[in-house]
Every structure is written in structure tokens, then in C-alpha cells.
Protein chains: 2
Amino acid sequence: MKKIALLGSTGSVGKNTLEVVRQHRASFQIVALAAGSNIELLARQINEFQPELVSVGRPELVDELRQLTGSWRGEIVCGAEGLIQAASYPSANFVMTAIIGSIGVAPTLAAIKAGKTIGLANKETLVTAGHIVMETAKRHGTRIIPVDSEHSAIFQCLQGERRADVARIILTASGGSFRHLTRRELSHVTVDDALKHPNWNMGAKITVDSATMMNKGFEVIEARWLFDLAYDQIDCLLHYESVIHSMVEYKDGAVMAQLGTPDMKVPIQYALSYPQRMPLETEPLDLVRFGKLHFAEMDYERFPLLKLAYDCGRTGGTLPAVLNAANEVAVARFLRGEIPFLAIEQIVERVCAAHRVQADPDLEAILEADGWARREAENC
Amino acid sequence: MKKIALLGSTGSVGKNTLEVVRQHRASFQIVALAAGSNIELLARQINEFQPELVSVGRPELVDELRQLTGSWRGEIVCGAEGLIQAASYPSANFVMTAIIGSIGVAPTLAAIKAGKTIGLANKETLVTAGHIVMETAKRHGTRIIPVDSEHSAIFQCLQGERRADVARIILTASGGSFRHLTRRELSHVTVDDALKHPNWNMGAKITVDSATMMNKGFEVIEARWLFDLAYDQIDCLLHYESVIHSMVEYKDGAVMAQLGTPDMKVPIQYALSYPQRMPLETEPLDLVRFGKLHFAEMDYERFPLLKLAYDCGRTGGTLPAVLNAANEVAVARFLRGEIPFLAIEQIVERVCAAHRVQADPDLEAILEADGWARREAENC
């Protein structure tokens with residue numbers, strides 16, 4: 001029985017995780033839930049899954065949540081400390097880290113230290129603190145299973161193979177909401193335009209990150225850590241349909257790929273059922289319906305944030321954390337209507353250029369750089 | 001060190017096997033070669049690889065071969081008995097069975113009984129005697145690794161997975177030389193037309209079998225035995241570029257695929273290096289150059305021999321052997337210019353319909369049915 005602590009239960013990955021649990025009540029049980037401020041939804045989840053522990057974003061939400069959850073008698077905690085409690089909750093043996101943003105790093109590290117198997121859906125954990133996270137996981141013998149569709153695909157393509165036989169990995173990218181626009185056309189796009197992702201139904205932040213290709217850049221940095229690769233071994237390929245979720249090329253020229261319909265439940269369930277698979281109610285892949293799959297070279301001039309991600313990854317130290325924090329603020333400003341779409345890139349580039357990189361930082365130094373980058377990006 | 005007996009060294013798979021051995025002299029050694037009547041090429045192979053034993057097709061070729069191989073002092077054997085000797089040669093630990101036709105069945109069985117690891121490139125072994133071969137391999141603990149690109153792809157997609165988690169496999173088919181022609185247009189095609197395969201450079205017989213889709217039909221029957229599947233779990237998909245070599249769909253909806261350029265050296269080397277991989281000089285897959293990959297539903301009316309193969313496979317007994325033998329004769333007659341292209345189908349269908357099926361046949365009964373079918377097909 002997988003006893004699951006789900007961090008970020010009201011987000012896109014969180015809701016899909018609960019849908020997977022619904023399909024396999026005999027194998028998966030929710031023992032802890034953590035969410036931010038979507039109290040109505042969290043209350044419904046509590047009433048349905050009856051967890052032992054729940055963490056909410058702020059103290060003032062605790063009473064409201066208690067009222068909404070009727071006869072449920074579990075414990076409610078809150079804030080950053082509450083997240084850590086949920087992440088290291090003793091009766092959980094699996095932690096799904098589906099919180100968006102750098103607030104997911106500390107609880108993920110707590111879960112790793114507690115020896116839970118990790119379903120990693122928080123990108124920032126590896127982007128900002130990859131060297132610490134992988135080292136900590138190694139020390140505690142903790143297994144980290146990626147949930148992001150691209151990394152799950154790579155992870156699946158590596159099963160039964162030797163890491164030494166890998167030549168390179170190829171992350172596929174749909175190109176996001178604006179893939180058919182020129183850079184000139186990009187200057188007028190609106191928030192509503194940005195949120196129409198062609199293939200995946202995801203949250204607002206990650207949908208904007210897909211349109212800027214920043215998301216793919218973060219995936220490159222994550223892949224470097226997850227699979228212990230050099231940046232030269234990580235390539236990106238435009239693939240409009242997102243049917244091939246990613247690929248591994250081996251040194252004999254064979255390429256292994258994982259394909260499927262764009263349904264987050266597949267990698268979520270794979271993380272939960274690994275190394276086995278379980279039946280899942282999902283639309284089967286029908287290549288005949290697609291008829292064609294398209295591929296094109298990645299354009300690093302059209303998508304400068306992807307190139308910047310490689311550069312920041314290669315430099316390392318505190319720079320990837322700065323990249324992430326500046327982007328988080330810039331995207332939030334775009335979503336609030338404060339800045340135009342292309343200003344996201346400008347802000348992120350400017351903040352990264354201004355940063356004095358610290359090599360081999362500890363978590364405190366990373367958080368400090370993160371805070372500095374946020375202030376810079378807010379005032380840029 | 002893999003010590004290899006190579007049966008069928010002068011054919012397409014044979015020559016590619018030797019090219020792989022050339023690239024890895026420290027890991028692979030040729031200890032036995034077997035070929036039919038292409039004595040000039042066989043002599044050059046002997047002079048280069050210095051095997052301990054060589055088998056030729058007929059006794060009268062022995063002296064000629066001896067003269068062409070100068071100072072080489074290995075043993076020469078011949079005929080059906082010679083093939084068996086090469087297949088069970090004591091110092092070999094790996095037997096590549098790359099002989100075309102049903103004459104490959106007996107030596108493959110001999111190699112299986114001798115406990116050699118088998119690189120299986122002889123389709124007829126599993127098509128005609130799958131139930132005997134798999135049972136014998138199980139009894140002797142012999143590993144059979146497929147060399148055909150489609151089955152190698154499936155085999156690779158199954159690594160690190162549980163067989164119980166497989167929903168179905170999907171064999172891809174380029175459609176062969178005549179994929180753009182209607183059945184009406186097929187009535188005029190020539191031998192030269194048939195031998196122009198769009199993607200793979202193979203022998204004449206298998207190229208014609210690709211054009212009739214009989215080849216895919218044999219692959220369906222082989223897959224049934226190799227991977228212990230029901231025929232309902234084996235699907236075929238038209239995929240013009242032959243870039244996806246085949247796929248496995250798991251019960252969670254995830255599809256694993258193996259891709260690559262059409263180079264037989266990749267599956268040949270994989271069979272030799274399995275479970276590891278080794279570097280190989282081959283053209284890397286460049287999906288950007290393709291731009292698009294095409295998929296279309298298999299058309300069982302356009303390709304009736306594929307449908308017939310499913311039917312014969314489901315019926316089982318001596319019928320798949322009859323299917324194979326009738327096709328072998330019909331293709332030979334087409335290649336000799338005796339019959340038009342569409343008569344291949346007619347002959348095969350007629351012979352299969354006329355056969356009185358024997359259930360659970362032994363090898364003798366299979367060979368008897370094979371002989372009967374050849375006579376029928378010759379006089380049809």
C-alpha cells in the first residue's frame with residue numbers, strides 16, 4: 001500500500017493525483033494533504049479522502065477549513081512549518097511534491113531526508129538546489145521518481161538500460177501557445193492568449209513558461225540532475241503534437257521513446273506504481289488519428305530563455321535559483337497585466353546578468369539569492 | 001568474448017553481422033561460418049575472419065572453397081548436416097541464424113538444444129515451428145534474441161518491464177515497394193519494381209514479402225511466439241518512414257517505442273551485446289531531417305496475405321508452415337518471371353485453403369506439410 005502525502009493537492013498535478021488514487025483505492029491511500037488558499041476544494045478533498053494530516057497556507061484559514069470539513073477529525077497545521085510536517089509525516093511512505101514555486105524546495109528536502117519515495121513534480125527543487133537534493137537523496141537512499149511528462153518519459157526509457165550506454169537525451173517541446181508567432185508578433189500577445197496551451201491543460205504559470213520556453217529550460221536543468229548528465233548530452237526538439245514525450249539516444253544509435261496522449265495521470269500513476277504499471281482509465285494513443293507527427297529544430301534565438309537556461313545551468317552555483325526566482329516574479333507581473341509578454345525575457349535576462357554568482361551554495365545562500373532576484377525582478 | 005557461429009554469412013544479415021564484428025574485434029569473434037553457394041564472398045570472409053569451421057551448401061563446392069582460402073586450415077563441412085555442425089559447434093556460445101527459408105529451422109533448433117544464445121534472424125523458425133522452438137528453448141534455458149528490426153524494437157521496449165503489464169504490441173510497416181499503388185495497379189508490376197524497397201536494403205525474397213505484406217504477417221506469427229502474446233494483442237500500423245521500428249503499449253496507456261535509422265547493424269549488434277549496448281558506427285537518427293512521420297491504418301483488404309497470416313496463426317498446427325512454404329515457392333516463381341505479382345497471393349491462398357491442418361505437429365509433420373505445400377504451389 002502506498003501511503004501518500006500530497007503537497008499541492010488543489011493544483012493541476014494534485015487534482016490528477018487524487019483522480020489516480022480514486023481509481024486504485026486498494027493500492028493508494030492519502031494520509032496527508034497540503035494546499036495553499038483554495039479552502040473550498042481542499043475541504044472537499046478532505047471529506048472524500050479522509051487524510052490524517054492537512055496543511056494550509058496561512059493560520060487564518062484553519063478555522064474556516066475546520067468548519068467546512070464537518071465530522072473529519074484529522075490534524076490541521078499551516079504555513080512553511082506545516083508543509084514540512086506534511087512532507088515528513090511518519091505514516092506516509094510516498095510524498096508527491098506538486099507545489100509550484102520555490103516554496104516547494106524545503107518540504108521536498110524534508111521528505112527526502114525522511115526517506116520517503118518522492119514523486120517529484122516541483123521543478124524548482126532541482127532547478128535551484130539540484131546539487132544539494134541529489135546528494136541528500138543519495139545519502140538517505142531515497143528514490144526520486146520524476147512526474148513531469150518529459151522526465152517520466154526519460155525515466156521510462158532508461159529502465160533495463162545502463163546509464164553508461166546513454167549518448168544523449170532529447171526533450172521534446174510543443175512550442176507552447178505562441179509557437180506559430182514571430183518575435184515581432186509576440187510583443188502584442190495578451191494574458192488570455194498565453195493561457196491557451198495547444199496540448200496540455202496545466203496551471204497558468206507553467207503555461208506561460210511553455211510559451212517562453214522557460215519551462216523547457218528548467219526541464220534541461222532538472223534532467224541534468226535527475227539523470228546525472230552533462231549539458232551537452234541534453235538536447236531539445238520541437239515536436240508540435242507532444243505525442244513523443246521525450247527520448248533517449250543510446251551509443252549504438254538506438255533511440256527509445258515514450259509516447260502517449262497528453263494526460264498527466266499517466267506519469268503520476270507511473271511514479272506511484274513504479275516499477276510496475278497498473279491499469280489506468282485514459283484515452284489510448286491513436287497515431288492514426290494524428291496521421292502525422294511533426295519535428296523541427298529548436299530555435300534558440302526565437303526562445304532566448306531556453307538558451308539562458310543552458311548558460312545558467314552550466315555556470316551553476318546560485319544562478320539557476322536566480323533564473324527561477326526572476327522568472328517567477330516576471331511571469332506573475334505579466335499575469336497581473338503589469339508588463340508585456342516579451343518583458344518577461346528582458347527582466348529575467350537583466351536579473352541574471354546582474355547577479356554575482358556564488359559557487360556551491362548551501363540552501364541558505366540559495367534562498368538569499370532567490371530573495372535578491374525577486375526584489376530585483378519586481379523593480380525592473 | 002562472444003564466440004559466434006554465423007549461419008548465412010553471405011546474405012544481408014550475415015554481411016552486416018560481420019561488419020559489426022569488424023567494429024568490435026576485442027569483444028566478438030567468428031568461430032564458424034555457414035553459407036550456400038556464394039563461394040567467392042565466403043572465401044573472402046574466411047580469409048578475413050579465420051573461422052575454425054565452415055559449412056557450404058553442396059559437397060562439390062568444398063574443393064573450390066579450399067583453393068580460394070590459401071593458407072587457412074579450418075575444417076570444411078557441407079549440406080544440411082554441415083549446417084547442424086556449424087549451429088552446434090562446441091566453441092561457439094552465440095549462434096546468429098541468418099539463413100533465409102525453412103532450411104534454417106533445423107540448425108536453429110540444433111543451436112537451441114546446444115544451449116547457445118540465439119540471434120534469431122531466420123523468420124521461418126518461429127513461423128513454422130514456434131510451439132516446438134519456444135518449448136525447446138525453455139527446456140534448455142536458451143535465450144532467443146530477435147534480430148529483425150521490429151522484434152528487436154519490441155524486445156528493447158520490454159526491458160525493465162513486466163510482461164503482465166503489456167496491453168498490446170504495435171508492429172510498424174512501411175508498406176513496401178508498392179505502398180502507393182492500388183490493387184488494380186499491382187497487376188502490372190515487374191520484378192524490378194518489387195525489389196525497390198523504400199527504406200531498407202534487403203534481400204530479394206524479403207523485399208517481395210514486404211510488398212505483399214506477407215513479411216509483416218510472418219512477423220505477427222513470430223511475435224506471438226517470441227513474446228507469448230495472443231493474436232488480439234498484436235496490431236500492425238502503416239508507418240511510411242520506418243523510423244519507429246515498433247512499439248509496446250502498456251496497460252497504463254504509456255507507449256514505449258524504439259526508433260532509429262534503417263540500419264540492420266543496430267539490432268544485430270544489440271543481439272550480440274545484450275543486455276549491454278556498445279558504440280556503433282551508424283548514422284544517428286535525425287528527426288528534424290524527416291520533419292514529419294506518417295501513420296495510417298493497416299488495410300487488410302489491400303494486403304490480404306497479412307490477414308491470411310493472422311488467420312493461419314490463429315488456426316496453428318501445420319498451417320503456418322504451409323503458408324510459409326507456399327509463399328516461398330510463389331515468390332521464387334515471381335522472381336523467375338513465371339507469374340505476375342498478384343498471383344503470389346492467389347497461389348498462397350489457394351494452397352492454404354486446400355491444406356488439411358494437423359494440430360500440434362512434430363518437426364517431421366511440419367516438414368511433410370512444407371513439402372506438400374511446395375509441390376502444390378509449384379503446380380498451381
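Residue numbers begin at 1 in each chain, while the letters A, B, ... track the order of the sequences.
Of all non-hydrogen atoms in B:L259 and A:I244, the two that sit nearest each other are CD2-CD1, 4.4 Å. Contact detail for A:V266 and B:A254: the closest heavy-atom pair is CG1-CB, 4.1 Å.
With a 4.5 Å cut-off on non-hydrogen atoms, B:E161 touches chain A through its side chain but not through its backbone. Residue contact with chain A, scored on non-hydrogen atoms closer than 4.5 Å, involves the backbone and the side chain of B:L287 alike. Looking at B:Q258, both its backbone and its side chain come within 4.5 Å of chain A, counting heavy atoms on both sides. Contacts of B:M256 with chain A are made by both backbone and side-chain atoms, with heavy-atom separations under 4.5 Å.
Other residues, nucleotides and ligands contribute only 12 or fewer heavy atoms inside 6.0 Å of the CZ atom of A:R143. More than 12 heavy atoms of other shown residues, nucleotides or ligands fall within 6.0 angstrom of atom CD in B:E48.
With respect to chain A, the highest number of heavy-atom pairs below 4.5 Å among B:R289, B:R162, B:M278 belongs to B:R162. Contact tally against chain A (heavy-atom pairs below 4.5 Å) for B:Q159, B:H294, B:K251: the top residue is B:K251. Among B:S273, B:G260, B:A167, B:P279, the residue making the largest number of heavy-atom pairs under 4.5 Å with chain A is B:P279.
With sequence neighbours excluded, the residues that form a side-chain contact (heavy atoms from CB on, under 4.5 Å) with B:K3 are B:M1, B:Q29, B:V31, B:N93.
Between the CG atom in B:L293 and the CD atom in A:E241 there is a gap of 9.5 Å [rounded to 0.5 Å]. Atom CZ of B:F295 and atom CG of A:L285 lie 8.5 Å apart (nearest 0.5 Å).
Here the rule is side-chain hydrogen bond (donor to acceptor under 3.5 Å, both in side chains) with B:D252, and of A:K265, A:Q269, A:Q276, A:R277 only A:R277 fits it.
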